[in-house]
Amino acid sequence: MAQANGNAQSPSDEAESAREEDRALEDIKLAIGDALHLQSQTEGGAGTRYTVKLIGYLRGKGLIVTTPTQDGKFLLMREGQNFVVRLFSGKSAYAFPATVFKVANVPYPHLHLTWPGHVKGLVVRSGARARVNLITAVTDVRGNARSGLIDNLSTGGCSLASKELVGRSEDRIHMTFRANVNEIEQYFQLDGVVRSVQRDVEIPGGTGNQHGIQFVDMPPQDQLALTAYVYHVLFEETA
């Protein structure tokens, strides 16, 4: 797994983290039931984001998705409404513009979206780190509880800032934190090993310790959710 350290990414690191590409939508392996994110467009920039599911599509014509809901109620959509559609497939994240050209309520509420001319893709490289700001609870090897802040995160590890030392090199720790994955709050409980420590450095809120943590023995379901979250953050940074 990729190691994390307390150092900030250089421009060359960021270039190696993700690579943009243009693709045709038909070249992406879409599957019925895939989650798509519709982000409304406003004059001030990015607007509200809705999560929908892909019901079907006809190449070159359009996509059919579920109507967004909020608090269990279907939201009012209008024809001509513009969105940026975002989706994940494999190790890539994609985005393309789409317009609602038909709002249907029979036999159930759904939307017809325009077919994009091209899709912007972001291929995420192994070990890519996302800039985050996640509060975490840490239990050290002796069972002592600490608090910390994850300020960059990869699928294999993280950089952890803390006022107190959470461990020495090669110490094992346990971390718990929450992150929003595909509009769902995910609760992570991960084991890690301290791979590096920088003491008396500037961290958010003052001076403290920066730890490079490598995740170990991660359950498959946590690995999948963590990968989705990291890719989502990286894609938002690029977008």
Side-chain angles (χ1 to χ4, degrees), residues 1-21 35 37 86-95 121-140 146-162 165-198 201-204 208-239:
M1 292 187 180
Q3 288 191 14
N5 57 50
N7 298 327
Q9 282 181 284
S10 67
S12 60
D13 289 335
E14 293 181 351
E16 287 299 311
S17 295
R19 174 172 54 84
E20 289 189 36
E21 62 178 13
H37 306 283
R86 304 183 189 278
L87 64 105
F88 299 92
S89 178
K91 292 186 176 181
S92 299
Y94 299 97
L122 182 72
V123 181
V124 181
R125 298 182 184 274
S126 176
R129 291 173 289 174
R131 292 186 292 268
V132 297
N133 189 30
L134 300 172
I135 297 173
T136 180
V138 183
T139 304
D140 67 19
R146 302 279 190 269
S147 62
L149 182 72
I150 299 173
D151 52 22
N152 80 56
L153 178 68
S154 76
T155 58
C158 69
S159 176
L160 172 67
S162 178
L165 196 67
V166 302
R168 302 178 185 277
S169 181
E170 303 306 315
D171 279 355
R172 188 159 178 140
I173 63 172
H174 183 76
M175 303 173 62
T176 60
F177 60 93
R178 289 182 170 86
N180 195 291
V181 181
N182 291 336
E183 309 299 323
I184 299 174
E185 188 174 66
Q186 181 80 24
Y187 184 63
F188 291 97
Q189 299 189 65
L190 305 179
D191 290 325
V193 174
V194 179
R195 295 304 188 193
S196 65
V197 180
Q198 296 181 27
V201 296
E202 287 297 318
I203 64 171
N209 305 282
Q210 198 80 36
H211 311 78
I213 308 298
Q214 180 183 1
F215 299 138
V216 295
D217 303 329
M218 193 184 306
Q221 64 270 22
D222 285 336
Q223 182 73 67
L224 183 63
L226 184 65
T227 299
Y229 176 69
V230 170
Y231 285 12
H232 171 76
V233 174
L234 287 169
F235 189 69
E236 288 296 296
E237 289 177 359
T238 301

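Given the structure is predicted, the values throughout are model-derived calculations rather than measurements. Residue numbers run from 1 in the order of the sequence given.
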Can you give me the closest heavy-atom contact between Leu149 and Ile135, atom names plus distance?
CD1-N, 4.0 Å
For residues Asp151 and Ala161, report the shortest heavy-atom separation together with the two atoms involved.
OD2-CB, 4.2 Å
If you measure from CZ on Arg146 to CG on Asn209, what distance do you get to the nearest 0.5 Å?
10.5 Å
Counting only N and O atoms by type, is there a donor-acceptor contact under 3.5 Å from the side chain of Gln223 to the main-chain atoms of Thr155?
yes
CE (Met175) and CG (Asp191) are apart, to the nearest 0.5 Å, by 10.5 Å
What's the spacing between Met218 CE and Thr227 OG1 if we round to 0.5 Å?
7.5 Å
What pair of heavy atoms forms the shortest contact from Ser154 to Phe215, and how long is it?
O-CE1, 3.9 Å
For Thr176, all residues meeting side chain to side chain contact (heavy atoms under 4.5 Å, CB included), sequence neighbours excluded
Ala137, His174, Tyr187, Gln189
In short, Leu87 meets Ala35 closest at the heavy-atom pair CB-O, 4.3 Å
For Arg131 and Val233, run side-chain contact (heavy atoms from CB on, under 4.5 Å): C-alpha distance rounded to whole Å, both residues' side-chain angles, the deciding distance at 0.1 Å, then the answer.
CA-CA 8 Å; Arg131 292 186 292 268; Val233 174; 5.8 Å; no
Measure the CG-CG distance between Asn180 and Leu134 for me, rounded to the nearest 0.5 Å.
10.5 Å
Has the side chain of Asp171 got a donor or acceptor atom that lies under 3.5 Å from a matching backbone atom of Arg168?
yes
Mind checking whether Val138 and His211 have side chains closer than 4.5 Å, heavy atoms only?
no
Does any N or O in the side chain of Ser162 come within less than 3.5 Å of the main-chain N or O of Leu165, such that one atom is a donor and the other an acceptor?
no
Rounded at 0.5 Å granularity, tell me how far CD1 in Ile173 sits from CG in Asp140.
8.5 Å
What's the separation between atom CZ in Arg86 and atom NE2 in His37, rounded to the nearest 0.5 Å?
9.5 Å
Correct closest heavy-atom pair for Tyr229 and Val132 would be OH-CG1, 3.7 Å
All heavy atoms of Asp222 vs all of Phe188, minimum pair found to be O-CE2, 3.7 Å
